[in-house]
Amino acid sequence: MPGFRTPNESTPLPITRQGSEDVRARAFGILRALLCGTIMVIFSAGLINFNKYMLHPDRFPFPMHLILMHTVFCSSFAGLLFTVQPSLFPSLTDPERKVTVTPALILNSCLPIAVAYAGNLLFSNLAYLYSSVAFLQMMKEGNVAFIYGASLVVGLETFRWRNAGVLLFIIIATVANVEGEINFSLTGLLIQGVSQVFEVLRIILQSIILTGSGKLDALTYVMVVMPLCFMSLSCVMLARWLVPGLGGTGLVAPSAADVIAWWPLLLVNCSLAFMLNVSIALFLKYSSAVAMVLAGLVKDALVVVISGAFLHEAISTTQRFGFIAQLIGVAIWSTMKTFPLNFEEHGFVGGFVSVCSGIFVPASRDPFESRGKAGPAVLHNVQAPPPKSEASTKP
């Protein structure tokens with residue numbers, strides 16, 4: 001019949017209305033996740049460098065009291081957000097994920113984590129008084145090795161030579177960065193080391209305590225744990241008042257004049273800390289484990305770039321190459337921990353080939369377990385954000 005062509009394999013399939021809507025919905029989902037991830041990375045890297053800027057001796061060099069302001073602000077606005085948009089707190093509102101917040105949960109589970117978290121935040125911000133943001137961020141990249149070691153001790157991990165090889169590579173790169181630091185401060189190194197001990201303790205406690213039915217989403221974690229962090233830091237402040245000179249200049253309280261002089265920037269700083277938590281919650285809701293790992297790597301790199309470009313911190317050639325090596329090592333480690341079945345079945349090289357080919361079976365939705373980091377939050381020291389099902393308040 002003239003003008004009629006018999007359908008064959010080369011004939012384009014008609015685009016149905018349903019198919020077009022699916023494509024648009026998928027594109028919208030990708031753009032939404034990309035936007036939320038971009039905002040989260042910018043807020044996270046920005047808050048770290050903003051904290052360093054504020055803690056300069058000529059501005060507001062009171063790390064403990066800056067953190068106290070963050071805990072009060074984030075706790076208050078998380079409660080306000082809960083009254084306005086309770087769906088952002090699935091651990092309290094979603095019947096399938098609901099966690100009953102009892103006194104036992106708070107005292108036995110959340111309080112120990114809050115104490116460790118408060119110590120992590122206090123010492124990580126205290127280290128800004130002595131060392132550069134870039135140097136401290138490079139030290140934090142070595143956390144994956146410490147967390148793996150602690151996990152072996154408590155039985156959360158099993159030893160594998162493949163894991164040990166990757167972590168040894170990261171440790172060597174971290175040592176190179178310490179050796180390459182131009183303005184090295186032993187005090188800053190030791191304080192940051194104490195901060196990382198507290199962080200490892202926090203993550204291990206979360207892995208042991210907040211599991212199964214006790215897992216909290218990002219914003220619920222903030223609303224429950226931040227008030228406990230405030231109480232922990234208040235005890236330190238009380239000890240400082242009872243024992244004058246305790247903690248040195250790092251725990252000195254600001255005067256009313258200091259707060260009044262810097263209140264506009266303090267308000268912006270605290271607001272950024274809270275908005276970071278919201279952006280973390282949204283990104284966790286709309287992204288995948290792979291996206292979370294990539295966002296964490298981009299954030300780490302952006303922190304160092306901003307510190308060098310805007311804070312004019314000196315970064316040696318050794319540190320540039322060492323940091324790139326760290327990021328490569330952390331990327332490898334994250335991939336291995338996010339898709340362990342691929343590496344178990346195909347080995348080291350075959351595992352990467354299968355993941356890059358899109359053939360993978362994620363063992364868990366928890367991307368921060370893969371990076372050896374956990375927790376949202378006030379992310380002053382900013383580690384990567386918390387997992388969708390297990391939040392912690394890392395920037």
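Relative orientation of the Phe274 and Phe73 rings is perpendicular, given thresholds of 30° and 60° on the angle between their planes.
In this structure, Ile113 and Leu228 have side chains that are not in contact, with every pair of non-hydrogen atoms separated by 4.5 Å or more. Using a 4.5 Å heavy-atom cutoff, the side chains of Ser124 and Leu136 are not in contact. Contact check for Phe339 versus Thr335: side-chain heavy atoms found under the 4.5 Å cut-off. Within the 4.5 Å cutoff, the side chain of Met336 has heavy atoms near those of the Phe348 side chain.
Within the 3.5 Å criterion, the main-chain N or O of Phe135 finds no donor-acceptor partner in the side chain of Gln319. At distances below 3.5 Å, at least one donor-acceptor pair connects side-chain atoms of Asn277 with backbone N or O atoms of Ala273. Using modelled atom types, one side-chain atom of Ser195 and one backbone atom of Asn120 make a donor-acceptor pair closer than 3.5 Å. Judged by distance alone, with hydrogens and angles left aside, the side-chain atoms of Gln192 form no donor-acceptor pair with the main-chain N or O of Met139 at under 3.5 Å. Side chain of Ser44 to main chain of Met40: no donor-acceptor pair is present (N/O by atom type, distance under 3.5 Å, no hydrogens or angles). Side-chain atoms of Thr71 come within 3.5 Å of backbone N or O of Leu68 as a donor-acceptor pair. In this structure, Lys52 contributes its side chain and Ser131 its backbone to a donor-acceptor pair below 3.5 Å. For the pair Gln326 (side chain) and Met138 (backbone), a donor-acceptor distance under 3.5 Å is present. Although no hydrogens or angles enter the test, the distance criterion places a donor-acceptor pair under 3.5 Å between the side chain of Ser316 and the main chain of Gly180.
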Sequence neighbours left out, cut at 3.5 Å: what donor-acceptor pairs do the side chains of residues 258-266 make with other protein atoms?
residue: Asp258; atom: OD2; partner: Ser255; partner atom: N; Å: 3.1
residue: Asp258; atom: OD2; partner: Ser255; partner atom: OG; Å: 2.9
residue: Trp262; atom: NE1; partner: Arg59; partner atom: O; Å: 3.1

Indicate every side-chain donor-acceptor pair of residues 165-173 with a distance under 3.5 Å to a residue at least two apart or in another chain.
none

Side-chain polar contacts of residues 83-90 - donor-acceptor pairs under 3.5 angstrom, sequence neighbours left out - could you list them?
residue: Thr83; atom: OG1; partner: Leu80; partner atom: O; Å: 2.5
residue: Gln85; atom: NE2; partner: Ser87; partner atom: OG; Å: 3.0

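Val197 and Leu152 are assigned to two separate hydrophobic clusters, defined by single-linkage of ILVMFWY side chains at heavy-atom distances under 4.5 Å. No path of Ile, Leu, Val, Met, Phe, Trp and Tyr side chains, each step under 4.5 Å between heavy atoms, connects Val304 with Val175, placing them in separate hydrophobic clusters. Hydrophobic clustering of Ile, Leu, Val, Met, Phe, Trp and Tyr side chains at less than 4.5 Å, counting indirect connections, keeps Val305 apart from Ile48.
Inspection of the Ser307 and Asn49 side chains reveals no N or O donor paired with an N or O acceptor under 3.5 Å.
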